[in-house]
Protein chains: 2
Amino acid sequence: MKLEIAARQLEALGNPTRLRVYRALVRAGADGLPVGRLQARIGIAASTLSHHLKRLVEAGLVTRERQATTLLCRAHYPTMNALIGFLADECCADAGCARDGEDSAA
Amino acid sequence: MKLEIAARQLEALGNPTRLRVYRALVRAGADGLPVGRLQARIGIAASTLSHHLKRLVEAGLVTRERQATTLLCRAHYPTMNALIGFLADECCADAGCARDGEDSAA
DNA sequence: CGCATATTTCGATTCATGTCGAAATAAACT
DNA sequence: AGTTTATTTCGACATGAATCGAAATATGCG
C-alpha cells in the first residue's frame with residue numbers, strides 16, 4: 001500500500017497554492033515559517049491557508065510546532081526524500097531507465 | 001510559471017488509479033502498453049481509464065501512439081526527470097538539504 | 001461495404017476540493 | 001479576568017474529479 005501513500009503526498013503537492021506554500025517552507029529552511037508569515041507571503045485567506053497546511057501536515061510533508069504565540073511550520077525533508085525515492089524507483093528517474101519487463105506479472 | 005506546470009504533473013500523479021497506470025507504463029518500459037492491456041491489468045472501466053490516460057497525456061507524463069488497431073501508451077521519461085528535478089531543486093531533495101536561509105528574502 | 005475490435009466521447013451521478021468570511025479557540029500580556 | 005494577536009474550525013458555495021454504462025468513432029479484415 002505504499003503507492004497509496006505516495007499518491008497522497010503527490011496529491012498534496014499537486015495544487016499550485018499548496019506547492020507554493022511548501023516551496024516557501026523549503027526556502028525558509030530549518031528555521032521554518034510561522035503561519036502568519038506564510039499567509040502574508042502567499043496572499044490567501046488565513047482559513048484557506050490553514051486548510052492547505054493541514055493537508056500538507058497530514059501527508060507528512062510539513063510539521064507544525066507551537067512557538068509561543070505563533071505556529072511554526074517546517075518542511076519535513078525525509079518525507080520528500082522518500083517521495084522522490086519512490087518516483088525514482090517505482091516510476092523511473094535516471095535518464096536510461098528503459099528496463100523492459102521486470103516484475104510486471106502479465 | 002514553472003510551478004504551475006509542476007503542480008499539474010504532481011496532481012496527475014496524485015491519484016492512486018493514475019499512479020498505478022503510470023507505474024504500469026514505466027514497468028512496461030520502452031515497449032509501452034496498449035490501452036486494453038492497461039485496462040485488464042488495472043481493472044477499471046475503459047472509459048475511466050481513458051479519462052485518466054488523457055490527464056496523464058495532458059500533463060506530458062505519457063504519450064499515446066496509434067499502432068494499427070490499438071493505442072500504444074508509453075511513459076514519457078523526460079517529463080518525470082524534469083519533475084524530479086523540480087522537486088529536488090525547488091523543494092529540496094538530498095539528505096542534507098538543511099540549507100537555512102538561502103534566497104528566502106525574509 | 002459491413003463486421004469486429006479497440007478506444008474515446010457523452011451524459012449522468014456522486015463525492016471531494018478550493019475558497020471565503022465569520023465565529024471559536026489558544027496563548028500571552030496587562 | 002479581559003484584551004489583543006494568532007490560528008483553526010465551521011458553514012456555505014461553486015467548481016471540478018472520479019466513476020460508470022451506453023453510444024459514437026476509428027482501424028483493419030473479409
Side-chain angles (χ1 to χ4, degrees), chain A residues 3-25 28 31-59 61-75 106, chain B residues 1 3-25 28 31-75 106:
Chain A
L3 181 138
E4 314 286 339
I5 295 175
R8 191 181 178 78
Q9 296 170 351
L10 289 165
E11 182 195 40
L13 294 170
N15 171 277
T17 303
R18 277 196 297 271
L19 188 52
R20 222 166 267 130
V21 167
Y22 184 77
R23 188 178 56 174
L25 289 178
D31 295 340
L33 222 52
V35 177
R37 277 292 186 89
L38 267 175
Q39 197 212 331
R41 190 165 297 186
I42 303 205
I44 56 178
S47 53
T48 304
L49 175 58
S50 185
H51 165 65
H52 285 310
L53 233 21
K54 187 160 117 185
R55 299 201 47 176
L56 286 169
V57 168
E58 284 172 354
L61 286 159
V62 166
T63 62
R64 256 180 310 192
E65 182 192 343
R66 260 230 173 272
Q67 190 86 177
T69 175
T70 71
L71 270 186
L72 200 59
C73 302
R74 274 190 270 251
Chain B
M1 294 303 156
L3 181 138
E4 314 286 340
I5 295 175
R8 192 182 177 78
Q9 296 170 351
L10 289 164
E11 183 197 38
L13 294 170
N15 170 277
T17 302
R18 276 196 298 269
L19 188 52
R20 221 165 268 130
V21 168
Y22 183 77
R23 188 177 57 174
L25 289 179
D31 295 340
L33 223 53
V35 177
R37 277 289 186 89
L38 267 175
Q39 198 212 331
R41 189 165 298 185
I42 303 205
I44 56 179
S47 54
T48 304
L49 175 58
S50 184
H51 165 65
H52 285 310
L53 232 21
K54 187 160 115 183
R55 300 203 46 177
L56 286 169
V57 168
E58 283 171 355
L61 286 159
V62 165
T63 62
R64 255 180 310 192
E65 181 192 343
R66 261 231 172 272
Q67 190 86 180
T69 175
T70 73
L71 271 187
L72 199 58
C73 302
R74 272 189 271 250

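Values below: all heavy atoms of this structure, side chains included; hydrogens, waters and symmetry mates excluded. Proteins get letters first, then strands, A, B, ... in listed order; numbering begins at 1 in each.
Here the shortest heavy-atom pairing between A:Ala24 and A:Leu38 reads CB-CD2, 3.8 Å. The two residues A:Leu10 and B:Gly14 make their nearest non-hydrogen contact at CB-CA, 3.7 Å. The two residues B:Gly32 and B:Ala28 have their closest heavy-atom pair at O-CB, 3.7 Å. The heavy-atom pair separating B:Leu25 from B:Cys73 by the smallest distance is CD2-O, 3.6 Å. Heavy atoms only, all atoms of each residue included: B:Pro16 and A:Leu3 are closest at O-CD2, 3.7 Å.
Within a heavy-atom distance below 4.0 Å of DNA chain C, the residues of residues 62-71 of chain A found are A:Arg66, A:Ala68.
Counting 5' to 3', DNA chain C first comes under 4.0 angstrom of a heavy atom of chain B and last does so at the ends given by C:dA6 to C:dT9.
The separation between A:Arg37 atom CZ and D:dT5 atom P is 17 Å, rounded to whole Å. Rounding to whole angstrom units, CD of residue B:Glu58 and P of D:dG16 are separated by 14 Å.
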Using distance only, find each side-chain donor-acceptor pair of residues 51-59 of chain B under 3.5 Å and give its atom names and separation, not counting sequence neighbours.
| residue | atom | partner | partner atom | Å |
| --- | --- | --- | --- | --- |
| B:His52 | ND1 | B:Arg18 | NH1 | 3.1 |
| B:Arg55 | NH2 | B:Glu11 | OE1 | 3.3 |

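Sorted by first and then second residue, the side-chain hydrogen bond (donor to acceptor under 3.5 Å, both in side chains) pairs involving residues 60-71 of chain B (not counting sequence neighbours) are B:Glu65-B:Arg74.
The rotation axes computed at either terminus of the helix from C:dC1-D:dG30 to C:dT30-D:dA1 lie 10° apart, taking five pairs at each end and rounding to 10 degrees.
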Output a table of nitrogen or oxygen pairs between the protein and nucleotides 18-20 of chain D separated by less than 3.5 Å.
| residue | atom | partner | partner atom | Å |
| --- | --- | --- | --- | --- |
| D:dA18 | OP1 | B:Asn15 | ND2 | 2.8 |
| D:dA18 | OP1 | B:Arg18 | NH2 | 3.2 |
| D:dA18 | OP2 | B:Arg18 | NH1 | 2.8 |
| D:dA18 | OP2 | B:Arg55 | NH1 | 2.8 |
| D:dT19 | OP1 | B:Thr17 | OG1 | 3.3 |
| D:dT19 | OP2 | B:His52 | NE2 | 2.4 |
| D:dC20 | OP2 | B:Ala45 | N | 3.3 |
| D:dC20 | OP2 | B:Thr48 | OG1 | 2.7 |

